[in-house]
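We use all heavy atoms of the structure for the numbers below, so side chains are in, but hydrogens, waters and symmetry mates are not.
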Amino acid sequence: MSEKTEKTEPRLSVFKTYKLYVGGKFPRSESGRVYEVTDSKGNWLANAPRSSRKDARDAVVAARKAFGGWSGATAYNRGQVLYRVAEMLEGRREQFVREVADAEGLSKAKAGAVVDAAVDRWVWYAGWTDKIAQVVGGANPVAGPYFNLSSPEPTGVVAVLAPQDSSFLGLVSVLAPAIATGNTAVVVASAKAPLPALSLGEVLATSDVPGGVVNILSGGTAELGAPLAAHQDVNAIDLAGADAELAKELEIAAADNLKRVLRPQPVDYSVTPGVDRMTAFLETKTVWHPTGALGASGSSY
């Protein structure tokens with residue numbers, strides 16, 4: 001008797017379903033819409049959710065709800081949480097290398113360098129959380145018997161339009177400084193390369209970042225930027241991913257409730273950043289406190 005050879009059926013791959021990240025959960029777009037994401041050669045990669053205005057409003061509600069706890073945490077604790085994100089990114093390095101390579105048309109080696117730089121950028125901002133107050137705050141000299149102390153406080157809910165051409169390093173470079181200082185964020189991912197941003201949501205969900213601190217939307221930058229710029233409960237907006245025409249429109253809309261606006265500007269995201277993106281979304285609180293009478297022999301309290 002001849003042995004029968006068992007035929008092996010070809011295995012069907014499991015395609016990943018990318019979803020939004022809002023309030024610590026992974027909803028599909030409220031609209032039910034998706035759009036095709038392709039690589040640099042036009043090959044199909046995935047269908048990404050096309051977020052609606054309702055999704056943007058839901059993300060703002062989640063960010064506002066999370067703001068009290070996140071801004072009230074100690075700066076040291078926020079640093080620990082950001083460092084944990086870097087640890088999780090390091091563990092999923094290969095996935096992000098693949099996604100960045102596809103998104104930006106890079107070789108595996110160059111994409112690896114980009115991902116490594118993004119992880120390092122998280123660590124860099126993690127180290128700043130409990131140091132920025134010493135840089136931009138302090139005691140002020142005044143002519144009178146008072147202590148005069150200035151300290152930075154987070155602005156609130158920050159809408160972030162992520163850079164279009166730097167799908168991961170650019171995204172990290174605009175998101176991390178906003179949350180490092182105690183703000184919560186609603187991020188609109190790069191319209192043409194949203195997959196690394198949506199995967200970042202999975203990392204945030206499995207690290208120690210409280211739900212709602214970061215909310216990630218994919219879709220049209222103009223379609224989502226307009227309701228966020230006009231939203232009365234958004235305190236600031238970073239226009240990094242907007243072109244000149246859209247930035248002008250959104251800046252006008254943002255003026256309605258006196259939002260802080262960070263205008264788009266040429267940035268080399270590979271260079272170590274300064275503190276500008278952190279201070280852009282900080283308010284300064286100044287406290288006066290009487291010291292008591294000042295006598296010839298010194299101060300009395």
Side-chain angles (χ1 to χ4, degrees), residues 19-31 49 51-73 75 77-78 81-82 84-85 122 125 129 152-162 171-190 194 197-221 223-242 250 253-254 256-262 277-278 280-283:
K19 297 180 183 178
L20 309 178
Y21 181 59
V22 177
K25 299 178 181 179
F26 295 94
R28 290 179 169 85
S29 172
E30 170 272 339
S31 66
S51 306
S52 67
R53 290 170 175 255
K54 175 66 165 55
D55 293 316
R57 292 195 297 270
D58 289 345
V60 173
V61 170
R64 177 58 64 190
K65 185 176 180 181
F67 176 69
W70 183 243
S71 61
N77 179 243
R78 285 199 298 271
V81 171
L82 262 65
R84 176 61 177 162
V85 173
W122 271 108
Y125 279 113
T129 56
E153 292 190 341
T155 296
V157 176
V158 179
V160 178
L161 307 187
L171 167 72
V172 168
S173 298
V174 297
L175 170 60
I179 64 172
T181 49
N183 298 290
T184 54
V186 176
V187 181
V188 179
S190 166
L198 296 177
S199 290
L200 177 62
E202 298 171 3
V203 170
L204 298 173
T206 52
S207 29
D208 298 324
V209 181
V213 170
V214 178
N215 305 274
I216 301 176
L217 307 174
S218 57
T221 302
E223 182 181 1
L224 297 171
L228 290 172
H231 201 297
Q232 296 294 307
D233 204 25
V234 173
N235 303 103
I237 187 167
D238 185 341
L239 300 177
L250 298 183
D256 192 44
N257 76 331
L258 304 180
K259 279 183 182 64
R260 285 192 171 216
V261 176
L262 187 58
R277 284 194 178 273
M278 285 186 284
F281 303 122
L282 286 174
E283 307 285 350

Hey, are the side chains of [X] and [Y] touching, using non-hydrogen atoms and a 4.5 Å cut-off?
| X | Y | answer |
| --- | --- | --- |
| V234 | V186 | no |
| V261 | L239 | yes |
| F67 | P154 | yes |
| W70 | V81 | yes |
| I179 | V214 | yes |
| L161 | V174 | no |

Mark yes or no for whether [X], through its side chain, and [Y], through its backbone, hold a donor-acceptor pair below 3.5 Å.
| X | Y | answer |
| --- | --- | --- |
| N215 | A185 | yes |
| W122 | V172 | no |
| R84 | L204 | no |
| R28 | K19 | no |
| D256 | A253 | no |
| T184 | A63 | yes |
| R277 | P177 | no |

Once rounded to the nearest 0.5 Å, what's the spacing between atom [atom1] of [X] and atom [atom2] of [Y]?
| X | Y | atom1 | atom2 | value |
| --- | --- | --- | --- | --- |
| N183 | D238 | CG | CG | 11.0 Å |
| I237 | K259 | CD1 | NZ | 7.0 Å |
| M278 | T181 | CE | OG1 | 7.5 Å |
| L224 | S52 | CG | OG | 8.0 Å |
| N235 | F281 | CG | CZ | 10.5 Å |
| I216 | L198 | CD1 | CG | 7.0 Å |

Check [X] against [Y] and note the closest heavy-atom contact, atom names and distance.
| X | Y | value |
| --- | --- | --- |
| R53 | P227 | CG-CG, 3.8 Å |
| G211 | A66 | O-CB, 3.5 Å |
| V22 | P27 | N-CD, 4.0 Å |
| A56 | L217 | CA-CD1, 3.7 Å |
| T155 | A236 | CG2-CB, 4.2 Å |
| A176 | Y125 | CB-CD1, 3.6 Å |

Those residues that, when tested against S71, pass side chain to side chain donor-acceptor pair (under 3.5 Å) (two or more places apart): none

Worked verdict on L20 versus S51 for side chain to side chain contact (heavy atoms under 4.5 Å, CB included): CA-CA 8 Å; L20 309 178; S51 306; 3.2 Å; yes

Salt bridge (charged side-chain N to carboxylate O under 4.0 Å, His left out) partners for E30, two or more places apart: none

From CA spacing to verdict: side chain to side chain contact (heavy atoms under 4.5 Å, CB included), E202, F26: CA-CA 9 Å; E202 298 171 3; F26 295 94; 4.0 Å; yes

